[in-house]
Amino acid sequence: MKIASWNVNSIRARIEHVKRFLARQSPDVLLMQELKGEVFPAEIFEPLGYHSAAVTQKTYNGVAILSRTPIEVACTTLPGDAEDSHARFLETRIGGLRIANIYSPNGNPPGSDKFLYKLAWMDRFFIELHHWLADGIPTLIGGDFNVIPEDIDCHKPSSWMKDALFQPEPRQRYRDWLAMGYTDAFRHFHPEERDQFTYWDYFRRAFETNRGIRIDHFLLSPSLVARAQSCVIDREPRTEEKPSDHTPILLDLN
DNA sequence: ATGTCGCCTCATAGGCGA
């Protein structure tokens, strides 16, 4: 089972990119983030053999899942704050797995209300992860986590020191999730590998010079680790015309 | 501070979020 995750930075602007990715990689499941629009074009993907489920809002955020097999939607909001209307969370069941798609808050600049929202969102997600461990359903979480886990996950730590994605508080929360028992799939297969990124700024020729960060992740519950065969970053979509600033990660599961 | 995208509107330029 091949599962991919990709922050497309507007589904409308990236339809042709996504179609090319599906044709080339033929994933069984694709998680997408930052749809940036109220309407999700499910009709585009049906003829290509994909079921879909989406959580959207106007202008901002938005997450969707494509799957070759039917999707059962379990939850469309992150529990813990009834006032929270951001489209950032989609929990599903696909083929006996819990597959959750998240778009964790960016939180810039540090110290702002947006930063506090990021930390609160991550605290709420911790509680959800805790419940999921307890119920024993094999669980895969994928998405844009907006966290640079370790120094080797960015080209140059000093350039990210003032960025919300690199602050001690969100990084500690990500480590708490790992300490709870979840495995960062990419690091599981590439424990020491440097210069492996999923996001590059549009400016300053960041992609051409590989000055990026690794912020798109797959987390595996303990029961899934032995079933994971590989986890790689596919840089090809980032080389195309008018690309998203992110590129997909891919997980192969037995 | 800046660079570059994509979205939206008190819309064809500028603000916001990333």
Side-chain angles (χ1 to χ4, degrees), chain A residues 5-21 30-42 44 54-64 78 81 83-90 101-122 125 142-149 153-167 169-171 173-174 197-217 233 235-249:
Chain A
S5 177
W6 189 9
N7 178 323
V8 295
N9 188 16
S10 168
I11 186 62
R12 225 177 51 179
R14 232 63 71 187
I15 286 284
E16 294 306 317
H17 300 74
V18 172
K19 284 161 80 173
R20 280 194 295 272
F21 177 73
L30 172 61
L31 317 183
M32 291 182 283
Q33 304 84 34
E34 261 203 290
L35 307 175
K36 282 188 165 179
E38 218 155 26
V39 178
F40 181 75
I44 303 262
V55 184
T56 64
Q57 68 183 90
K58 199 171 168 182
T59 311
Y60 302 122
N61 309 315
V63 288
L78 178 61
D81 180 1
E83 306 295 300
D84 185 2
S85 58
H86 291 203
R88 298 183 176 278
F89 181 88
L90 176 55
N101 182 7
I102 65 165
Y103 176 46
S104 179
N106 175 296
N108 270 305
S112 64
D113 286 350
K114 286 192 282 183
F115 189 69
L116 294 178
Y117 173 74
K118 178 191 186 87
L119 299 183
W121 197 96
M122 294 183 79
F125 194 61
D144 178 358
F145 285 63
N146 268 317
V147 175
I148 303 165
D153 294 313
C154 65
H155 173 259
K156 193 169 73 169
S158 62
S159 347
W160 293 92
M161 280 303 180
K162 292 178 184 167
D163 196 285
L165 281 55
F166 201 65
Q167 295 311 298
E169 298 92 336
R171 294 174 79 190
R173 281 161 175 77
Y174 186 82
F197 307 129
T198 64
Y199 167 93
W200 301 260
D201 272 333
Y202 281 124
F203 31 83
R204 300 182 193 143
R205 295 172 27 86
F207 180 66
E208 289 79 356
T209 53
N210 198 29
R211 283 174 291 158
I213 53 180
R214 191 177 72 91
I215 56 174
D216 300 270
H217 310 302
I233 297 165
R235 293 170 58 101
E236 206 282 333
R238 191 63 176 77
T239 68
E240 296 177 8
E241 289 294 310
K242 289 265 171 194
S244 166
D245 39 8
H246 296 248
T247 212
I249 53 169

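To find a chain, count down the sequence lines: A is the first, B the second, and so on, and within it residues start at 1.
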- Message: If the condition is side chain to side chain donor-acceptor pair (under 3.5 Å), which residues does A:Arg12 pass it with, not counting sequence neighbours?
- Response: none
- Query: With rounding to whole Å, what would you report as the distance between B:dC16 and B:dA11 at their P atoms?
  - Reply: 16 Å
- Item | Pairwise P distance for B:dC8 and B:dA1, with rounding to whole Å | 30 Å
- Note on the structure: Rounded to whole Å, CD of A:Glu240 lies from C1' of B:dC5 at a distance of 16 Å
- Query: Touch check for A:Arg14, heavy atoms < 4.0 angstrom, all strands: base, sugar-phosphate only, or nothing?
  - Reply: sugar-phosphate
- Task: Could you tell me whether the side chain of A:Glu34 and the main chain of A:Val63 form a donor-acceptor pair under 3.5 Å?
- Result: no
- Query: Partners of A:Pro243 by side-chain contact (heavy atoms from CB on, under 4.5 Å), sequence neighbours excluded?
  - Reply: A:Arg238
- Message: Would you measure the distance from the P atom in B:dG6 across to the matching atom in B:dC10 and give it in whole Å?
- Response: 23 Å
- Message: Base contacts versus sugar-phosphate-only contacts with protein, heavy atoms under 4.0 Å: please encode nucleotides 11-18 of chain B as B, S and - from 5' to 3'.
- Response: ------BS
- Message: Can you work out whether A:Asp201 or A:Pro243 has the more 5'-proximal nearest nucleotide on DNA chain B?
- Response: A:Asp201
- For A:Ser85, check side-chain contact (heavy atoms from CB on, under 4.5 Å) against everything at least two apart and list the hits. none
- Message: If I pick the C1' atom on B:dC7 and the same atom on B:dT12, what distance separates them, to the nearest angstrom?
- Response: 15 Å
- A:Phe207 atom CZ is separated from B:dT4 atom P, nearest whole Å, by 18 Å
- Quick note, salt bridge (charged side-chain N to carboxylate O under 4.0 Å, His left out) partners involving residues 107-119 of chain A, not counting sequence neighbours, are none
- Task: For A:Asp84, enumerate each residue passing the salt bridge (Lys or Arg N to Asp or Glu O under 4.0 Å) test, keeping only those at least two apart in sequence or located in another chain.
- Result: A:Arg124
- Note on the structure: Taken to the nearest whole Å, CD/A:Gln57 to P/B:dG6 is 19 Å
- Distance in angstrom units between A:Arg211 CZ and B:dT4 C1', rounded: 14 Å
